[in-house]
There are 2 protein chains.
Amino acid sequence: MADIARLAGVSTSTVSRALSGSKLVNEETRQRVADLARSLNYTINIGAQNLRLKQNRTIAVVVPYDAATRQHLSDPFFLSMLGSLADALTDRGFDMLLSRVDSEQLDSVSQPFDTGRAIGVILIGQWRHHDQLNKITARGVPIVVWGAQLERQMYVTIGSDNVAGGFLATEHLINNGRKKIAFFGDVQLPEVASRHEGYRKALAAHQIPYDEQLVVPASFLENGGRIAMAELASRKVNYDGLFCCSDLLAMSAINIMRADKKRVPEDVAVVGYDDIELARYFHPPLTTVRQPMQVAGLALVDALLNLIDQKPEAPHLLPTELICRSSSGNK
Amino acid sequence: MADIARLAGVSTSTVSRALSGSKLVNEETRQRVADLARSLNYTINIGAQNLRLKQNRTIAVVVPYDAATRQHLSDPFFLSMLGSLADALTDRGFDMLLSRVDSEQLDSVSQPFDTGRAIGVILIGQWRHHDQLNKITARGVPIVVWGAQLERQMYVTIGSDNVAGGFLATEHLINNGRKKIAFFGDVQLPEVASRHEGYRKALAAHQIPYDEQLVVPASFLENGGRIAMAELASRKVNYDGLFCCSDLLAMSAINIMRADKKRVPEDVAVVGYDDIELARYFHPPLTTVRQPMQVAGLALVDALLNLIDQKPEAPHLLPTELICRSSSGNK
DNA sequence: ATGAAAGCGCTAACAC
DNA sequence: GTGTTAGCGCTTTCAT
């Protein structure tokens with residue numbers, strides 16, 4: 001900047017003003033400075049500017065990864081989320097600082113904020129760290145979480161309506177004449193718990209008794225589907241429908257069934273969750289519940305910006321939608 | 001920091017020293033300062049520190065997206081890449097600034113560096129912007145590109161050995177008795193061009209004549225597979241093998257064939273590219289060429305750090321590997 | 001072992 | 001309109 005000032009024969013203040021488009025500077029000078037800057041490939045040093053202005057246009061996006069047993073970054077769901085967030089942030093003129101943290105060490109989620117690197121944090125998934133998130137919020141860290149709404153929750157969540165999603169999926173199976181519908185998912189995770197709640201509601205609404213034997217814990221991990229299928233088989237219970245809490249889970253379950261000569265959807269109708277890109281390419285194409293990803297990124301970003309602006313939004317849910325394909329039969 | 005100093009009854013210099021673990025500070029003082037900082041949730045402001053130290057531990061990762069016609073962020077391949085990069089950067093103690101840019105506006109790739117936000121740039125895919133990347137490099141921007149090696153290339157690339165990948169895939173089909181092997185991919189993209197070169201080499205190595213009619217341009221986009229299949233059908237040419245430059249392409253092609261009552265692999269043996277997570281779940285499980293993603297992230301990061309360190313590496317290629325599953329028949 | 005002071009690159013009063 | 005000056009939060013000589 002000093003160089004530019006010298007070459008243009010003005011002071012650094014003028015350069016600063018010229019480059020920020022201040023009205024107080026002569027048009028001719030402004031032009032000269034601008035040209036000079038361009039020819040020297042000079043750009044304002046954002047770090048210094050931020051320090052001086054005490055501003056910052058960086059948002060941290062934290063994606064927990066699971067060291068041990070659960071869903072991790074290789075799930076296509078995260079990709080759409082990241083893409084959607086990146087778009088929304090770019091749109092609003094913010095940079096995205098991406099970090100992965102061990103889901104068991106969720107303390108460090110606030111680090112980008114504490115160190116002044118980012119003005120707020122978007123966390124993908126609340127995991128089982130409800131209390132910790134409450135603490136972080138209490139400390140004044142602006143944070144918005146993608147996840148379910150829980151009791152005594154001080155932080156803002158945006159999520160999709162998992163109860164409705166579970167309901168839609170289950171009712172769709174019921175409407176296709178299925179009565180013994182299995183459920184695959186880890187109810188310990190808040191979002192999955194909601195889907196399970198929707199599942200129960202749908203059963204109740206159609207006077208179908210709830211059968212614990214049909215509910216199998218299944219992780220989002222690679223061979224979660226295989227393990228869950230084995231567990232279900234060992235229980236020796238009949239089923240003609242299956243609702244899986246992720247598309248990957250559904251796909252691997254279907255593959256196991258194929259190996260077992262069970263036909264989908266004739267013998268077992270299957271519904272997945274997420275509508276990842278490959279759901280459509282799968283054979284049979286997968287019926288699934290879609291979460292509105294494009295909207296999600298925007299909603300998260302806007303909620304965070306409002307929060308930073310001292311205008312906290314209430315936690316809210318985005319609508320889910322059933323995408324009917326052939327894995328569930330044709331209604 | 002001033003607060004801490006006041007409360008600890010020392011000067012800011014001492015606090016700074018204490019927090020940075022300098023030997024010059026009394027152990028007792030150090031402890032007192034550390035405790036105080038912890039209890040106040042105080043952390044060094046990285047922005048100010050960077051400014052003072054003229055250092056920076058942020059690397060920009062730029063993912064071009066295609067406004068018009070090609071591969072974009074929703075391709076699962078990018079996710080593994082991002083994950084791998086995030087891991088490698090975390091490992092090395094760097095932050096990752098993620099930005100998406102329109103692949104037609106690749107100028108802005110250097111922006112994170114120019115503005116001092118990052119000390120270097122990793123670009124995923126060189127697209128058709130070879131000359132522009134040369135210019136950016138000439139300007140002194142530390143940049144490493146994931147992609148193919150081209151003529152007159154000033155920038156460092158890391159990529160997988162696409163020629164070998166194309167060769168492996170094609171030879172595998174040949175070894176399975178296929179002679180009329182179609183190729184789906186957009187040869188305009190450097191990486192695809194290399195795969196195509198490997199394809200030709202394998203044909204030549206086995207004295208199979210190259211037939212232009214079998215080479216169909218196909219984008220990585222959603223319905224690229226459908227369009228390519230339609231084009232191939234319109235050419236009225238027989239084929240018993242198909243090599244697709246992405247798994248998604250292969251999957252959608254297989255689905256079209258299924259609708260056309262063509263059996264895979266009996267009538268047409270198919271090989272994809274990337275080994276995305278779903279390749280294994282697909283029916284039939286997809287034979288494909290795997291790029292070593294974990295290694296890739298590390299290689300990119302290390303190449304960039306070395307470049308920044310004035311120790312530029314030569315562009316280099318990572319090995320590719322054929323993953324045999326059933327879509328190509330059983331050799 | 002600790003403090004005072006200067007300065008990283010920038011901006012915003014406040015002068016003129 | 002433009003320059004001078006102070007200071008954002010930090011680190012590091014240089015004194016003491």
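Order of the sequence lines sets the chain letters (A, B, ...), proteins ahead of strands, with each chain counted from 1.
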Specify the separation, in whole Å, of atom [atom1] of [X] and atom [atom2] of [N].
{"X": "B:Leu51", "N": "D:dT12", "atom1": "CG", "atom2": "C1'", "answer": "14 Å"}
{"X": "A:Asp114", "N": "D:dC10", "atom1": "CG", "atom2": "P", "answer": "13 Å"}
{"X": "A:Glu27", "N": "D:dT2", "atom1": "CD", "atom2": "C1'", "answer": "16 Å"}
{"X": "B:Gln31", "N": "C:dA1", "atom1": "CD", "atom2": "P", "answer": "16 Å"}
{"X": "B:Asn56", "N": "D:dG9", "atom1": "CG", "atom2": "P", "answer": "19 Å"}
{"X": "A:Asn50", "N": "D:dC10", "atom1": "CG", "atom2": "C1'", "answer": "15 Å"}
{"X": "B:Ile46", "N": "D:dT11", "atom1": "CD1", "atom2": "P", "answer": "9 Å"}
{"X": "B:Ile4", "N": "D:dG9", "atom1": "CD1", "atom2": "P", "answer": "13 Å"}

message: Categorize B:Ser20 for me: base, sugar-phosphate, or nothing, with a 4.0 angstrom heavy-atom threshold over every strand shown.
response: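 Answer is nothing: B:Ser20 stays at 4.0 Å or more from every strand.
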- prompt: Hey, does B:Leu53 reach any base, or is it just sugar-phosphate, or nothing, if we go heavy atoms under 4.0 Å?
  reply: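 Touches sugar-phosphate only.
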Check [Y] with [X], please: is the shortest side-chain N to carboxylate O separation under 4.0 Å?
{"X": "B:Arg6", "Y": "B:Asp3", "result": "yes"}
{"X": "A:Arg152", "Y": "A:Asp131", "result": "yes"}
{"X": "B:Arg57", "Y": "B:Asp95", "result": "no"}
{"X": "A:Arg32", "Y": "A:Asp35", "result": "no"}

Looking at [X], I'd like to know whether one of its side-chain N or O atoms comes within less than 4.0 Å of OP1 or OP2 on [N].
{"X": "A:Ser13", "N": "C:dA12", "result": "no"}
{"X": "B:Gln49", "N": "D:dT11", "result": "yes"}
{"X": "B:Tyr42", "N": "D:dG9", "result": "no"}
{"X": "A:Thr14", "N": "D:dT2", "result": "no"}
{"X": "B:Thr29", "N": "C:dT2", "result": "yes"}

field: Upstream residue (5' side of DNA chain C) when B:Asn26 and B:Lys54 are each assigned their closest nucleotide
entry: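 It is B:Asn26, whose closest nucleotide lies nearer the 5' terminus.
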Residue A:Ile44, side-chain heavy atoms: nucleotide from C:dA13, D:dG9, C:dT11 that is nearest: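 Of the candidates, C:dT11 comes closest.
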field: Nearest listed nucleotide, side chain of A:Val25, among C:dG9, D:dT2, D:dT11
entry: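 Selected nucleotide (nearest to the side chain): D:dT2.
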task: Confirm from the modelled atom types if A:Arg52 and D:dG9 form a donor-acceptor pair under 3.5 Å, side chain to base only.
output: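 For A:Arg52, whose side chain was compared with the base of D:dG9, there is no donor-acceptor pair (under 3.5 Å).
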- request: State whether the distance check finds a donor on one side and an acceptor on the other, under 3.5 Å, for side chain A:Arg30 versus base D:dG1.
  value: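 Absent.
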message: Give me the atom names and distance for the closest heavy-atom approach of A:Val156 to A:Glu313.
response: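 For A:Val156 versus A:Glu313, the nearest heavy atoms are CG2-O, 3.7 Å.
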task: Locate the shortest heavy-atom distance separating B:Phe94 from B:Asn56; write the atom from each residue and the value.
output: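 Shortest heavy-atom separation between B:Phe94 and B:Asn56 comes out as CE2-O, 4.3 Å.
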message: I want to confirm an ordering. Mapping A:Thr12 and A:Leu24 to their closest nucleotides on DNA chain D, which one lands closer to the 5' end?
response: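 Final value for this comparison: A:Leu24.
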